[in-house]
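Below: one structure in structure tokens.
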2 protein chains.
Amino acid sequence: MTNPTARPGGRTARIRAQVLDAVRAELAEHGYDSLTVDTVAARAGVHRTTVYRRWGDVGGLLADVYDAAGDDDWEPPDTGSLHGDLAALNEEIQAAMVMRPPIMEALIAASFRSEAAADAQRRLWEDRYVRCEVIVERAIGRAEIPPGTGARRLLVTATAPVYHHLVLLRAPLDPALPADAARTAVLAAVAGAFTEGS
Amino acid sequence: MTNPTARPGGRTARIRAQVLDAVRAELAEHGYDSLTVDTVAARAGVHRTTVYRRWGDVGGLLADVYDAAGDDDWEPPDTGSLHGDLAALNEEIQAAMVMRPPIMEALIAASFRSEAAADAQRRLWEDRYVRCEVIVERAIGRAEIPPGTGARRLLVTATAPVYHHLVLLRAPLDPALPADAARTAVLAAVAGAFTEGS
DNA sequence: ATGCTAGTGCAACATCCGTCGCATTAATAG
DNA sequence: CTATTAATGCGACGGATGTTGCACTAGCAT
């Protein structure tokens with residue numbers, strides 16, 4: 001017996017699909033600036049009130065777009081070397097930040113205005129870091145880096161400069177940065193920077 | 001002969017001071033959320049239009065608060081070791097992000113909405129990184145790290161994880177992170193991660 | 001089919017946000 | 001002191017942003 005109050009029927013799902021499609025389309029055509037509840041509702045052929053009631057604000061819309069995307073098929077790169085994996089990962093991050101439609105960029109911007117978007121962003125990054133731990137495990141298996149290397153700290157060291165450069169400093173894209181940051185993290189890991197006992 | 005159109009007289013300066021004080025007070029009492037042009041104007045005893053004309057938006061106000069602060073007296077820490085300097089620097093960054101009133105945090109949030117705030121932020125960070133280059137020079141002088149070590153890349157490697165943790169991931173404050181990130185950067189620098197010729 | 005009701009459409013409303021034209025004030029030059 | 005003219009005050013406006021009450025539509029159970 002399902003919850004009698006729930007009603008995930010055809011119309012609800014259909015409207016959700018219409019609205020989320022409208023968000024993606026609007027994002028692709030006019031970017032994050034013109035992404036307002038009104039615009040999305042009009043494009044989806046849905047009344048403003050419906051969007052406000054179900055999603056609350058723009059951040060809620062983006063968060064739902066992200067959850068709906070549910071990119072559960074994503075896997076971290078596997079190039080055969082730690083440096084190759086990290087560099088490829090950083091390239092993906094850099095590409096995602098410049099991507100059209102700029103979903104990633106929009107989500108980050110929205111996370112400063114909406115709690116829902118901030119949560120979606122936290123969930124996304126947490127998920128990604130967990131999935132990427134296999135990169136470190138493989139490197140340990142290849143004896144590239146010492147056993148006991150902390151995966152999370154290594155991954156943050158490798159990727160943080162890319163985010164810092166593009167999101168915070170908003171500096172022009174630096175093609176060498178992904179590989180450079182990856183190389184730095186590898187050298188630090190080899191030197192034992194991420195092993196527990198000092 | 002000064003420019004006859006300029007008029008930096010008493011009233012202009014007085015109103016600027018009133019408005020900037022109001023921004024700081026409002027920020028301290030109610031945070032960044034309730035920091036609107038209207039609120040600030042009312043608190044400063046100034047008309048809304050005046051604020052809109054001179055500062056444009058909330059980002060402009062924050063940018064001017066920052067410029068007015070003009071912390072030209074700031075100097076990077078000098079502890080006697082590269083690791084000590086970087087760890088102290090990261091501690092300062094972490095403290096600035098938790099500081100009350102949250103000027104730094106507000107400036108970052110505003111930089112996603114206002115071009116003026118984004119510029120102020122860029123200027124601030126650029127200035128800080130340039131000033132911090134002396135940390136790397138001193139370390140080279142002490143023969144802690146190889147000559148030719150790129151200051152900027154070393155500094156970004158050391159500080160980016162702190163920003164990433166607090167601003168993007170919005171994770172709870174990690175007291176060990178400043179020292180850890182500093183240690184990582186030192187190890188990478190010693191291993192030659194930031195020297196030009198490979 | 002029929003009734004129930006979650007979900008939606010609709011319109012009116014209250015704010016907030018930013019801009020504009022014009023009157024007024026006050027800093028500066030002479 | 002007087003004239004000039006930035007800078008400010010003021011009110012009104014147009015548009016965007018959310019909210020609310022009510023009617024209605026369409027899933028779902030029976």
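Bear in mind that the values here come from a model prediction, so they are computed numbers and not experimental data. In what follows, every chain begins at residue 1, and chains take the letters A, B, ... in the order their sequences are listed.
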Which residues share a side chain to side chain donor-acceptor pair (under 3.5 Å) with A/Thr79, sequence neighbours left out: A/Asp85

ring-ring contact (aromatic ring centres under 6.0 Å, His included) against A/Tyr163, all qualifying residues, sequence neighbours excluded: A/Trp125, B/His164

Contacts of type side chain to side chain donor-acceptor pair (under 3.5 Å), residue A/Arg152, not counting sequence neighbours: A/Glu126

End axis versus end axis in the helix from C/dA1-D/dT30 to C/dG30-D/dC1, the angle rounded to 10°, five pairs used at each terminus: 30°

Atom pair distance, as rounded to whole Å: CZ in B/Arg14 and C1' in D/dA7: 12 Å

B/His47: partners by side chain to side chain donor-acceptor pair (under 3.5 Å), with sequence neighbours left out: B/Thr49

Mind listing the N/O atom pairs, protein and nucleotides 15-21 of chain C, below 3.5 Å?
from   : atom 1 : to      : atom 2 : distance (Å)
C/dG18 : OP2    : B/Tyr52 : OH     : 3.2
C/dG18 : N7     : B/Arg48 : NH1    : 3.4
C/dG18 : N7     : B/Arg48 : NH2    : 3.3
C/dG18 : O6     : B/Arg48 : NH2    : 3.0
C/dT19 : O4     : B/Arg48 : NH2    : 3.2

Residue pairs involving residues 45-55 of chain A (criterion salt bridge (charged side-chain N to carboxylate O under 4.0 Å, His left out); sequence neighbours excluded): A/Asp38-A/Arg48

Whether A/Thr39 side chain and A/Leu35 backbone form a donor-acceptor pair below 3.5 Å: no

Under-4.0 Å side-chain N/O to phosphate OP1/OP2 contact, A/Thr50 with C/dG9: yes

Counterpart residues, side chain to side chain donor-acceptor pair (under 3.5 Å), relative to A/Gln18 (two or more places apart): none

Results of side chain to side chain contact (heavy atoms under 4.5 Å, CB included) for B/Ala158 - residues two or more places apart only: B/Leu86, B/Ala185

Pairs meeting criterion side chain to side chain donor-acceptor pair (under 3.5 Å) with involvement of residues 88-106 of chain A, two or more places apart: A/Trp74-A/Glu92

Test ring-ring contact (aromatic ring centres under 6.0 Å, His included) applied to B/Phe112 - qualifying residues, sequence neighbours left out: A/Phe112

Residues within residues 16-31 of chain A bordering DNA chain C, heavy-atom distance below 4.0 Å: none

Nucleotide C/dA26, atom P - distance to NE2 of B/His47 in whole Å: 16 Å

